[in-house]
There are 2 protein chains.
Amino acid sequence: MNSTSIKVACSNCNLRELCMPLGLNESEMERVDEVVATRRKVTRGDNLFRNGDKFNALFAIRTGFFKTRISSEDGRDQVTGFQMAGEIIGLDGIVSDHHTCDAVALEDAEVCVMPFDRIEELSREITSLQRHVHKIMSREIVRENGVMLLLGSMRAEERLAAFLLNLVQRLHARGFSQSELVLRMTREEIGSYLGLKLETVSRTFSKFVEDGIVEVKQRHVRILNPDALKLIVNAQTCQPG
Amino acid sequence: MNSTSIKVACSNCNLRELCMPLGLNESEMERVDEVVATRRKVTRGDNLFRNGDKFNALFAIRTGFFKTRISSEDGRDQVTGFQMAGEIIGLDGIVSDHHTCDAVALEDAEVCVMPFDRIEELSREITSLQRHVHKIMSREIVRENGVMLLLGSMRAEERLAAFLLNLVQRLHARGFSQSELVLRMTREEIGSYLGLKLETVSRTFSKFVEDGIVEVKQRHVRILNPDALKLIVNAQTCQPG
DNA sequence: CGACCTATTGACTATAGTCAATGCGCGTGG
DNA sequence: CCACGCGCATTGACTATAGTCAATAGGTCG
């Protein structure tokens, strides 16, 4: 499989501080290595899994960038998240043994395949792994709560500002710039995530540029004034008094 | 505590087919009974927990009706769910050891307190309990995905129709009518959940009444034409060809 | 180099929000 | 038991925001 002879394992993965083995000691991590036995490459545009697929495993993203998406019967669809290195994908499949969303690679990607029954087995033995798995699921619930707040009560500018801040913060945690980012998704995908049409996303970007808050050149974004973005997110339209 | 001498336990709870002990055998259920040692009554309007509270336990709703709500710094808030008997509440607290939302009783309620470290302990021993806990968390993730679709891509009528169908379906699973329900929440709370203003909720109810789809008398709702509701939810504004 | 996908911008429209007035019910207290 | 007050719901008139449709431009990839 691998052309190099270096064993790819959590213990020598630079994402271990963000990913599955977080909080485990050396020997525990070695046991998790056994779980993460296989890898899978996904080409840009391809699905890691689809709605309806049998659920077998969670996936830890090693490289690349994904979107998850659900579709309703009438053809509407909604991007439910964008995932990057170190994040875990596939939790939706546990409840019904089948995935309920699509996971699409937005750039060439590689994931660690973690068979779920192996995870469960190991979490029965390693308390800190058990706790960590629970935290990963809870984090996803809390994240989605935040998206509900965004979709339910924010205006277009607030949504886009929150989106940019969230992306750049996650990228920064992975060693990238705090002020510069390359969007891996189209305006339409951003719009789907934020509950907006692509034209509105585009117009809102233009407004931010006019206001000198960001520089935008297609998918390259430079944040000139992060405080202004934070102000937009937290500013209720107007306040009394 | 209890005025009666009947031991309140999962094994003789009529919600066991919906709640925590689902899928356990007799002896396993008895062990879960130990976990669900304490009960708590919550008066209408009171909080079961608040944003910032230390997380210790999950709660299984025995009777009553709750809403969960998150608030942003600027005072905006968003209802993230309505919970009824047999449903589990508090999963948001696992990730950071503190709750990140408020849980408010919309009517006098009683919950079973399930200390989370006891749940974890027991799921290390009882495989089917472990699996069940994972399913409960995954189910919540999938539910929130659905809400994101609703908030991100549906129009007011579609949102309210989906809301009513979901409520009545859950009530029906608990032995209530398929066509009649009493709303435990105000128009404003429905609106907050659906990302609409209370006036829009009210107007949309009135529209449904005009169209003969439902009867509404304050919080009493009778669904006259469930198929029409389903059609509204699944009908994209218009279809080509 | 050309085709196609993506993004931008403009003009107009639809949908839901805002503000305000009124009405209905329920619960409290006289 | 009735009257009153308050919270909740309804409805109307107007406005704001984002959506739609359409034309154009810019990039990217074969």
How long is the line joining [atom1] of [X] and [atom2] of [N], in whole Å?
X: A:R187; N: D:dA25; atom1: CZ; atom2: C1'; answer: 14 Å
X: A:E188; N: D:dA18; atom1: CD; atom2: P; answer: 18 Å
X: A:E107; N: D:dC29; atom1: CD; atom2: P; answer: 13 Å
X: B:I190; N: D:dA9; atom1: CD1; atom2: P; answer: 8 Å
X: B:R76; N: C:dG17; atom1: CZ; atom2: P; answer: 14 Å
X: B:M154; N: D:dG19; atom1: CE; atom2: C1'; answer: 18 Å
X: A:R159; N: D:dA18; atom1: CZ; atom2: P; answer: 7 Å
X: A:R44; N: C:dC5; atom1: CZ; atom2: P; answer: 13 Å

Can you name the salt bridge (charged side-chain N to carboxylate O under 4.0 Å, His left out) partners of [X], sequence neighbours left out?
X: A:E17; result: none
X: A:K207; result: A:E157, A:D211
X: B:K54; result: B:D97

Checklist entry - Among residues 194-207 of chain A, which residues get a heavy atom nearer than 4.0 Å to DNA chain D? => result A:G195, A:L196, A:K197, A:E199, A:T200, A:R203
Checklist entry - Residues from residues 211-221 of chain B sitting under 4.0 Å of DNA chain D, heavy atoms only? => result B:Q218, B:R219
Next on the checklist: Ring centroids only, cut at 6.0 angstrom: are A:F55 and A:H98 within range, meaning strictly under it?
Outcome noted: no
Next on the checklist: Is it the case that the ring center of B:F82 lies less than 6.0 angstrom away from the ring center of B:Y193?
Outcome noted: yes
Note: [X]-[Y] ion pair, threshold 4.0 Å (strictly below):
X: A:K67; Y: A:E189; result: yes
X: B:R143; Y: A:E144; result: no
X: B:E107; Y: B:R184; result: yes

Checklist entry - Can you name the residues that form a side-chain hydrogen bond (donor to acceptor under 3.5 Å, both in side chains) with B:R69, not counting sequence neighbours? => result B:D102
